[in-house]
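Structure first, then comments.
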Amino acid sequence: MTNKLSLVGCKKPYHANYKTILTENELDNLVKQMAKQKEIAVDTETTSASPTRAGLVGISLSFKEGEAYYIPVAHKYLGAPKQPDFKSVLERLKPVLQSPKIKKVGQNIKYDYIVLKRAGLEIKDMNFDTMIASYLLNPIRGEHGLKYLALKHLGYKMLSFQELVGDKRTIAEIEIEKVTGYSCDDADFTLRLKNKFSPLLEKEGLNKIFYELEIPLISVLADMEINGVKVNKKELDYLAEELSENTETLSRQIYGLAGETFNLNSPRQLSDILFEKLKLQSGRKSKTGYYSTSSFVLEGLKDKHPIIANIIEYRNLAKLKDGFVVPLIRAINPKTGRIHTSFHQIGTTTGRLASSGPNLQNIPIRTEKAKEIRKVFTAEKGNFILSADYSQIELRIMAHFSQDKILIRAFNEGKDIHTETAKYLFNIPENKITSHERRKAKAVNFGIIYGISPYGLAQSIGSDEETAKNIIDTYFSTHVQVKQFIDKILADAKGKGFVKTLFGRKREVKNINSDNKTLRLQAEREAINTPIQGTAAEVIKLAMLKIHRKLKEENLKTKMLLQIHDELLFEVPKSEIEQVEKIAKGCMENAVNLSIPLKVAVNIGENWLEAH
DNA sequence: CCTCTTGTG
DNA sequence: AGATGCACAAGAGGC
């Protein structure tokens with residue numbers, strides 16, 4: 001069945017030959033041809049956007065531009081033809097898709113890898129991901145979808161998923177002929193984009209970071225997503241119940257004090273109550289004409305009216321309940337009883353990972369109730385949670401980049417970096433430094449990495465701007481090489497229009513020469529922060545590759561579960577704890593060789609709270 | 001779909 | 001005069 005590309009929505013049809021594989025014979029011939037190829041583009045069609053839940057509906061393959069094949073396995077609609085048997089298709093494809101000698105190409109191939117691995121087929125020799133290539137070529141957010149890339153780089157308007165599926169529930173209900181065109185387009189244009197991007201990566205000096213970091217990371221992240229993390233559902237249910245009772249009590253009290261009921265979750269309505277009705281001292285109006293009710297504002301009004309403390313408490317508890325507890329309960333996969341997040345390699349402008357569905361990189365920790373939530377992240381019977389986190393990785397990277405004498409000496413001597421900074425800022429001996437001064441120094445250390453202003457520092461240490469400015473000046477006059485490092489980054493960025501990480505990841509800084517001061521200053525802060533944050537992200541990614549490889553080599557049952565920017569979380573059988581502790585610490589501390597040592601702290605416990 | 005708010009590193 | 005610390009995800013409200 002040949003489909004001469006008569007697709008709806010195609011402005012500039014390529015003369016493609018797409019074929020539906022319906023018989024054993026056709027499948028045989030296809031596999032024979034595939035076995036001769038050096039590289040094959042793969043795409044799967046499924047029942048869900050979430051790969052850890054999705055069921056396979058069909059697979060498309062392409063190894064020559066303009067030619068592609070669609071193997072339907074689970075289309076279900078009135079009059080659907082008999083399709084090749086799902087299991088036997090997988091068995092027939094295994095020799096080629098699992099061959100370490102045939103390169104696999106995909107668009108967001110982690111998705112397909114997960115779907116196929118769950119079905120029992122593990123893609124080998126994943127070699128190219130067009131989404132990641134596009135991201136490395138220009139790490140901006142939200143412009144790396146296949147449909148967008150095909151239009152931008154090849155001038156081809158693909159059919160959108162929405163246009164294909166319409167009001168049907170899943171792709172399984174769509175006619176095989178239509179899906180053949182759609183899915184073959186996906187595989188075909190993935191291959192075309194690969195051919196376009198491959199030389200560009202080379203030209204931009206991105207080959208190393210692409211082939212040696214991001215591509216091998218795909219299967220590591222896929223395994224983490226498949227693993228998922230065990231949570232204690234009973235405890236979550238209990239927390240939800242408890243938080244509901246507490247928020248209801250608080251809201252009743254708040255309405256009593258306000259003299260009327262209103263929607264407490266609406267900042268606008270709350271603003272009217274506090275600043276119009278109760279006439280409390282307001283701050284500036286926001287863009288939309290209402291006064292801010294942020295925690296910063298509320299904290300300042302705490303003593304002015306008894307309603308304030310209640311609102312603060314309500315906000316805290318409501319956030320935990322509606323922002324974490326309830327969504328976590330909903331996210332539990334009924335089949336595995338675990339929570340499977342997605343990690344995104346193209347989620348950030350700096351090279352960090354992002355997590356969603358649910359986001360497991362922002363689980364609360366700071367308050368007592370928050371700790372209760374951390375506690376529900378637990379391990380299977382006989383296993384423990386092991387957490388390994390880098391100490392001060394960003395400041396260490398800044399020390400390496402800047403070669404600052406004070407920072408390098410402090411890290412080489414294993415000093416507490418914030419205390420050390422306080423020594424220089426306030427010109428007092430180490431044994432005289434109070435927690436108060438250390439706290440200020442800590443704010444300065446973080447501020448430097450972010451490209452701070454006197455106003456910003458004043459806000460975070462609660463001083464006036466003049467004091468903050470003096471502190472910043474002192475920092476730069478003592479940490480001479482840090483100042484030089486920042487000046488060099490800015491000069492570089494202004495000259496070239498981009499900044500680079502240690503491993504050569506590039507980020508364009510668009511407004512670095514803008515006449516608009518606000519935009520320019522923001523670009524300058526991005527230029528300072530990106531090499532530091534981005535390099536830290538690369539260091540932990542490298543460590544993850546090493547750990548993943550080692551766990552496999554040593555045949556360990558330990559599972560890598562989460563990455564939270566400077567922390568890795570594992571689920572470890574009791575018998576493997578000592579070994580894994582060594583592996584994690586060793587791989588993380590030796591991921592790269594810098595002018596300063598990297599330090600990793602390992603903690604073990606029954607749950608994430610105990611292990612952190 | 002944007003704004004506000006708040007959770008993390 | 002007015003803005004002024006990096007990187008995110010997500011829920012709620014409201015248009």
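Treat the numbers as computed from the prediction; the structure is a model and nothing was measured. Residue numbers start from 1 in every chain, and the chains themselves are labelled A, B, ... in the order their sequence lines are given, proteins ahead of strands.
A:S50 and A:S48 share no donor-acceptor pair across their side chains, judged by distance under 3.5 Å alone.
Two residues, A:T530 and A:T518, neighbour DNA chain C, and the one matched to the more 5' nucleotide by heavy-atom proximity is A:T518.
Protein chain A contacts DNA chain C over a range whose 5' and 3' limits, counting nucleotides with an atom under 4.0 angstrom from a non-hydrogen atom, are C:dT4 to C:dC15.
Ionic pairing of A:D492 and A:K500 is not present here: no N-O contact between side-chain nitrogen and carboxylate oxygen is shorter than 4.0 angstrom. A salt bridge is absent between A:K375 and A:E610: the closest approach of a Lys/Arg side-chain nitrogen to an acidic carboxylate oxygen does not fall below 4.0 angstrom. Salt-bridge formation is detected for the pair A:R505/A:E214: a Lys NZ or Arg NE/NH1/NH2 atom is positioned less than 4.0 Å from an Asp or Glu carboxylate oxygen. In this structure, A:R352 pairs ionically with A:E394, as a charged nitrogen and a carboxylate oxygen lie closer than 4.0 Å. Checked for salt-bridge contact, A:E299 and A:K302 meet the test: a charged N lies under 4.0 Å from a carboxylate O.
Here B:dG9 presents its P atom at 19 Å from CD1 of A:I532, a figure rounded to the nearest Å. The NZ-P distance, from A:K285 to B:dC4, rounds to 13 Å in whole Å. Atom CD of A:Q563 is separated from atom P of B:dT8 by 17 Å (rounded to the nearest Å). Counting to the nearest Å, the C1' atom of B:dT8 and the CZ atom of A:F377 are 12 Å from each other. Between A:F446 atom CZ and B:dG9 atom P the separation is 10 Å, expressed in whole Å. Between A:K442 atom NZ and B:dG9 atom P there is a gap of 10 Å when expressed in whole angstrom units. The nearest whole Å value for the distance from the CZ atom in A:R268 to the P atom in B:dT5 is 12 Å. A straight line from CG of A:D322 to P of B:dT5 spans 17 Å, rounded to a whole angstrom.
Checked by distance alone, A:R352 brings a side-chain donor or acceptor within 3.5 Å of a matching partner on the base of B:dG9.
Distance from the side chain of A:F324 is smallest for B:dG7 among the nucleotides B:dT5, B:dG9, B:dG7. Listed candidates were B:dT8, B:dT5, B:dC4. Nearest to the side chain of A:T288 is B:dC4. Comparing B:dT5, B:dG7, B:dG9 by their nearest atom to the side chain of A:N359 picks out B:dG7.
Comparing B:dT3 with C:dA3, their P atoms sit 15 Å apart, to the nearest whole Å. If you take atom P in C:dT4 and the same atom in B:dG9, they sit 25 Å apart, rounded to whole Å. Rounded to whole Å, the C1' atom of B:dG7 lies 29 Å from the corresponding atom of C:dG2.
At the heavy-atom level, A:I528 lies nowhere under 4.0 Å from the strands shown. Using a 4.0 Å heavy-atom cutoff across all strands shown, A:I449 reaches no nucleic acid atom at all. At a threshold of 4.0 angstrom between heavy atoms, the contacts of A:E526 are confined to the sugar-phosphate backbone, with no base atom among them. At the heavy-atom level, A:S295 lies under 4.0 Å from the strands shown only through sugar-phosphate atoms. A:R520 comes within 4.0 angstrom of nothing in the nucleic acid, heavy atoms only. Residue contacts shown for A:I363 are limited to sugar-phosphate atoms, with no base heavy atom under 4.0 Å away. Contacts of A:Q269 with the nucleic acid, taken as non-hydrogen atoms under 4.0 Å apart, involve only primed sugar atoms and P, OP1 or OP2.
Within the 4.5 Å cutoff, no side-chain heavy atoms of A:L270 are placed close to those of A:Y291. A:Q563 is listed as a side-chain neighbour of A:Q361, based on a closest heavy-atom distance under 4.5 Å.
Within 6.0 Å of CD on A:Q281 lie no more than 12 heavy atoms contributed by other residues, nucleotides or ligands.
At the phosphate of B:dT8, OP1 or OP2 sits under 4.0 Å from a side-chain N or O atom of A:R366.
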